[in-house]
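Below: the structure, in structure tokens.
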Amino acid sequence: MSLDPRFLQYPQRRHGMDHDRYAWSMLETRAPIAWPDGRPLALWINVCLEHFPLDAKGEGFKAHGSMTMPYPDLRHYTLRDYGNRVGVHRVLQALADHGLQASFAVNGEVAVRYPSPLRRIAATGAEILGHGWNMDHVHFGGLDAARERRWIADTLAALSPYAPGGIRGWLSPARSQSSHTPELLREAGLGWCSDWVNDELPYRFETAHGPLATLPLPLELEDRFVIGENLHAESEWADQCIDAADFLHDEARALGAGRLLALNLHPWVIGQPHRIRHLERVLAHFASMRHALWNAAPSAIASRAHPALAIMRPERTLPYRAQAPRSGPLP
Amino acid sequence: MKPDPGLYDYLPWDARPRIEWPGGARVALWIAPNIEFYEYDPPPNPQRKPWPRPLPDVLGYSTRDWGNRVGHQRMMRVLDRFGLRGSVSLSTAMCVHHPEVIAMAAERNWEFFSHGIYNTRYTYGLDEAQEREMIEESIATIREHTGQHCDGYLAPALSHSEHTIDLFAEAGGTYTCDLFHDDQPTPVRTRSGRRFVSVPYSLELNDTIVYVVNRIEPRRYGQMIKDAFDRLYAEGERSGTVLCVPLHAYQVSHPHRLRAFEDALDHICSHDRVWKATGREIARHFLDHHYDAFVAAAQREAA
């Protein structure tokens, strides 16, 4: 038994990365970032509003949270739907109670199905991010570019009524990309994306159509991952969020360099009645750090960190109104 | 296939020669940061998929890249605080991709040992000549970029063949990290008959096993390390023990995890009879002072 000789060949072994998407650099050796008013820690809270279809196809792969039981998997469909009916309102109330702002990454189909929470969110002026059509439309390696382009366009079209300032940021379902997702996002007029979790501060990401920014949104601290995949207790998740905030605050002070705490939330997880008080404890801790925190919208954070990318709006944008929002599964 | 790897003899915990560490230490503590490179698009191994999702697996790749961009510097500051040198389990392609990370470890007088070339190139399916080529190339890269002789080996992604340990011994190595059968160094039998040992490397306290496989809470991980240390420290009064904490910057250095690890080091380093060692130092001390007695004891046990 032996392997093909190419298994012992290393054509991409060179200084830097083994691809051309971004330049290699270490966070601590970059020029320090200063947030407004000299605050050490920027805080970005993002809330995902997601739709998990009952007839999940799992093309590419099934996102965590998708249907797992024989059809019709009513238990998981309704547990996810709970987030959009009940959970989101608890999360919105908790944010308001603590005077904190969040962005909302929304599946296009959620906006079509449930305009009411979108109207409430839009009324607060919160930033809306594209989050793909639904959680059964993952942008996987091998996905045809024409289909993917249409999913992105339909998502932005569905969300645009709730984003009068335009949509600049994107989070793919399950943080999955095809090999051409970055090009399609840039082509669609987006300025930044949060799929890559390889940093803690924004950095420049190359596409064939010009740069995007990456604004990292950590996977390993989000409620869905810690509670839903690791099966940690809610109180443990809250401890982890608080530990992260304290750690980054202290590091920023010690190094004289701004740090970013980005926390991703899912109302279908944290909006349950037995969980919401743990989010409230986390938010209360953030509120207690108010004088050290810059709680901002993600596009503001990305622009502040990367003035060179502050354009965040390539010249070319798609005519969003040209395509009517759809509610059915896309081809 | 063999029913037993045949690498070491049974030696009961309560019937061994006494191990004495330098300075009368009870525990030899070594910290093994894995400094790894995972490829974006590796050639597919027939027996193990490098990434669970269709390529590009952005989530898997970028999770590990975080360690190189953010995690190492943060972890180094913590180890510096306690005067701990790392023994680096190195994907040797890192010397080419990210020599800046290697330089930071070298400045700290850390040890480098081989963990293969990439952590997405597995041993599975390699014939003996191919595996020898891979091992020898990794050793040569460490020599070229750090000036160090590579004494230790941890197979890439813990992927082995029946020849792995024999081949590494023949290439001039003296210790393996791939065996988890003991809390003390153990003589290891190789076909060349060279003096070769296993240095305990823990899977149970390996942060990736803890966080990715066993999905343990950060503070509980810190407590596990403290508990392991307390027991090995107590037992080390009778005969020296080894505590290894294998790390991956992409796991332990996260803001919600690092302080719990730092607390554990604080606890360990508040004890005075701890030998802050490297893998190479433990292997050499054992080879120089205890190897022969352990071999003789195992022969008596077998008889």
Side-chain angles (χ1 to χ4, degrees), chain A residues 1-10 12-19 21 24-29 60-61 140-143 172 174-179 181 195-200 203 216 218-221 229-233 236 239-248 251 259 261, chain B residues 37 39-46 52-59 61-74 77 93 96-101 104 117-118 121-122 124-130 133-134 137 211 215-220 250-251 254-260:
Chain A
M1 186 169 57
S2 63
L3 291 186
D4 186 290
R6 74 194 166 107
F7 201 80
L8 292 174
Q9 293 161 3
Y10 314 100
Q12 299 299 321
R13 189 164 54 174
R14 59 187 182 188
H15 184 254
M17 306 312 299
D18 60 341
H19 55 76
R21 285 301 192 184
W24 151 242
S25 78
M26 288 184 283
L27 183 139
E28 288 186 23
T29 46
F61 63 93
F140 60 94
L143 175 62
S172 295
R175 290 185 176 75
S176 180
Q177 295 190 342
S178 75
S179 56
T181 302
D195 295 340
W196 291 66
V197 293
N198 54 342
D199 214 297
E200 279 181 6
Y203 67 89
L219 167 74
E220 303 202 30
L221 192 58
E229 291 197 65
N230 288 343
L231 306 181
H232 294 179
E236 296 277 356
D239 287 343
Q240 290 170 44
C241 295
I242 290 168
D243 286 352
D246 291 347
F247 181 93
L248 289 169
E251 182 174 282
R259 289 288 179 263
L261 175 63
Chain B
F37 200 100
E39 295 164 284
Y40 184 77
D41 186 11
N45 182 289
R53 292 181 173 182
L55 299 184
D57 190 333
V58 166
L59 195 57
Y61 182 91
S62 64
T63 290
R64 282 143 187 96
D65 188 35
W66 186 92
N68 291 335
R69 293 173 73 86
V70 182
H72 295 308
Q73 289 172 302
R74 195 172 271 166
R77 264 204 312 284
V96 180
H97 285 292
H98 301 333
E100 299 84 356
V101 175
M104 292 190 306
I117 295 174
Y118 285 105
R121 301 284 179 124
Y122 311 123
Y124 306 124
L126 294 176
D127 66 30
E128 194 172 327
Q130 289 177 321
E133 179 185 331
M134 186 267 285
E137 184 181 330
Y211 287 128
R215 299 181 171 274
I216 282 169
E217 300 83 353
R219 294 180 184 189
R220 183 174 160 214
Y250 70 85
Q251 292 296 334
H254 275 284
H256 59 295
R257 293 179 180 151
L258 193 57
R259 193 149 283 161

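We name chains A, B, ... by the order of the sequence lines, and we start the count at 1 in each one.
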Identify which of A:T181, A:L261, A:D199 forms the greatest number of heavy-atom pairs closer than 4.5 Å to chain B. A:D199

Is A:E236 in contact with chain B via its backbone, its side chain, both, or neither, using a 4.5 Å heavy-atom distance? side chain

Would you say the side chain of A:S179 lies within less than 4.5 Å of the side chain of B:L55, judging by non-hydrogen atoms? no

So how far is it from A:D239 CG to B:H256 NE2, rounded to the nearest 0.5 Å? 12.0 Å

For A:N198 and B:R64, what are the C-alpha separation, side-chain angles and deciding distance, and is it a side chain to side chain contact (heavy atoms under 4.5 Å, CB included)? CA-CA 7 Å; A:N198 54 342; B:R64 282 143 187 96; over 6 Å; no

Pair B:Q251, A:E220 - check side chain to side chain contact (heavy atoms under 4.5 Å, CB included), show working. CA-CA 9 Å; B:Q251 292 296 334; A:E220 303 202 30; 3.5 Å; yes

Decide yes or no for B:W66 and A:V197: does some side-chain heavy atom of the first lie under 4.5 Å from some side-chain heavy atom of the second? no

Heavy-atom distance under 4.5 Å to chain B: side chain of A:F7, backbone, both or neither? both

What closest approach, in Å, do A:G141 and B:P54 show between heavy atoms, and which atom pair accounts for it? O-CB, 3.6 Å

For chain B, which of A:L3, A:D4, A:L143, A:D246 has the most heavy-atom pairs under 4.5 Å? A:L3

Tell me, do A:L219 and B:L59 make a side-chain contact under 4.5 Å, heavy atoms counted? yes

Fit a plane to each ring of A:W196 and B:Y40, take the angle between them on a 0 to 90° scale, and name the class: parallel (under 30°), tilted (30 to 60°) or perpendicular (over 60°). parallel

Honestly, is B:R53 close enough over A:F140, meaning NZ or CZ under 6.0 Å from the six-membered ring centre and within 45° of the axis? no

By a 4.5 Å heavy-atom criterion (distance strictly below it), what part of A:A174 contacts chain B: side chain, backbone, both, or neither? both

Between atom CZ of A:R175 and atom OG1 of B:T63, what is the distance when rounded to the nearest 0.5 Å? 8.5 Å

Under the side chain to side chain contact (heavy atoms under 4.5 Å, CB included) rule, what do A:Q240 and B:R219 come out as? Steps first, then yes or no, please. CA-CA 9 Å; A:Q240 290 170 44; B:R219 294 180 184 189; over 6 Å; no

With a cut-off of under 6.0 Å to the ring centre and 45° to the axis, is B:R121 in cation-pi contact with A:Y10? no

Side chains of A:E200 and B:P255, heavy atoms from C-beta outward: is any pair under 4.5 Å? yes

Would you please indicate if the ring centroids of A:W24 and B:H98 are separated by under 6.0 Å? yes

Heavy-atom pairs under 4.5 Å with chain A - which of B:D41, B:V101, B:D127 has more of them than the others? B:D127

Side chain, backbone, both or neither: which part of B:D57 has a heavy atom under 4.5 Å from chain A? neither

Any side-chain heavy-atom pair from B:R259 and A:D243 closer than 4.5 angstrom? no

With rounding to the nearest 0.5 angstrom, report the CG to CG distance, B:N68 to A:L27. 13.0 Å

Between B:V58 and A:D195, which heavy-atom pair has the shortest distance, and what is it? CG1-O, 3.8 Å

Contacting region of B:Y118 [heavy-atom separation from chain A under 4.5 Å]: side chain

Could you give the distance from CD (B:E39) to NE2 (A:H19), rounded to the nearest 0.5 Å? 11.5 Å

From the list A:R21, A:R14, A:Q9, A:Q12, the residue making the most non-hydrogen contacts under 4.5 Å with chain B is A:R14

Select one option (side chain, backbone, both, neither) describing which atoms of B:I216 are under 4.5 Å from chain A's heavy atoms. backbone

Pair A:R13 + B:E137: basic N to acidic O under 4.0 Å: yes

Okay, B:R74 and chain A: the region with an atom under 4.5 Å from a heavy atom over there is both

Side chain, backbone, both or neither: which part of B:E217 has a non-hydrogen atom closer than 4.5 Å to chain A? both

So do B:P99 and A:H15 actually touch side chain to side chain, heavy atoms under 4.5 Å? yes

CG of A:D18 to OH of B:Y61: how many Å apart, nearest 0.5 Å? 4.0 Å

Residue A:T29 versus chain B: region with a heavy atom under 4.5 Å: both

Out of curiosity, A:M26 CE to B:R69 CZ, how far, rounded to the nearest 0.5 Å? 10.5 Å

